There are 2 protein chains.
Amino acid sequence: MCEAAAYVLRNGQEELLLSAVDIIEPEGDSLRLVNIFGEQKVIKADFLRLNLVNHKIILMEK
Amino acid sequence: MCEAAAYVLRNGQEELLLSAVDIIEPEGDSLRLVNIFGEQKVIKADFLRLNLVNHKIILMEK
């Protein structure tokens, strides 16, 4: 499977927001993340970097 | 490998922008995409949807 882990960069640290992320969609000024288990997170954040081969998504809160 | 294909939505059609995408980073008001072969594309676009399990990234030009 090719899902990725989504992290939020806070104070220079990468904090895990949601693992096994499948879908990410903008929703207003937020991002909605859904993982392969159906768990959802909505966060006011922007993409900082996607690294798909390493299964890693870094977000930064607005 | 877990790279994805990036498409741009134009006139309701998904046009392939770059295949085998590994990295995506914002660069000013654009996105910089790099694939596993080192090919790069820079496009003034926003994310419309990421579907990682289906290896698909949909962008929309600004």
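Both backbone and side-chain heavy atoms feed into the values below; hydrogens, waters and symmetry mates do not. Being a predicted model, the structure only gives us computed values, none of them experimental. Quick note on labels: first sequence line is chain A, next is B, and so on, each numbered from 1.
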Give every donor-acceptor pair under 3.5 Å between a side-chain atom in residues 37-47 of chain A and any protein atom, sequence neighbours left out.
{"unit_1": "A:E39", "atom_1": "OE2", "unit_2": "A:N35", "atom_2": "ND2", "d": "3.2"}
{"unit_1": "A:Q40", "atom_1": "OE1", "unit_2": "A:R32", "atom_2": "NH1", "d": "3.3"}

(request) With sequence neighbours left out, write down each residue that passes side chain to side chain donor-acceptor pair (under 3.5 Å) with B:E15, or none if nothing qualifies. (result)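 With sequence neighbours excluded, B:E15 shows a side chain to side chain donor-acceptor pair (under 3.5 Å) to B:R10, given in chain and number order.
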
(request) Taking heavy atoms only and a threshold strictly under 4.5 Å, list by residue number the residues of residues 18-29 of chain B that touch chain A; give 'none' if the list is empty. (result) B:V21, B:D22, B:I23, B:I24, B:E25, B:P26

(request) Considering only Ile, Leu, Val, Met, Phe, Trp and Tyr, and joining two whenever side-chain heavy atoms are under 4.5 Å apart, list the other residues clustered with A:L48. (result)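 Its cluster partners, ordered by chain and number, are A:Y7, A:L9, A:L16, A:I58, A:M60.
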
(message) If I measure from the heavy atoms of chain B, does A:I57 come under 4.5 Å with its side chain, its backbone, both, or neither?
(response) side chain

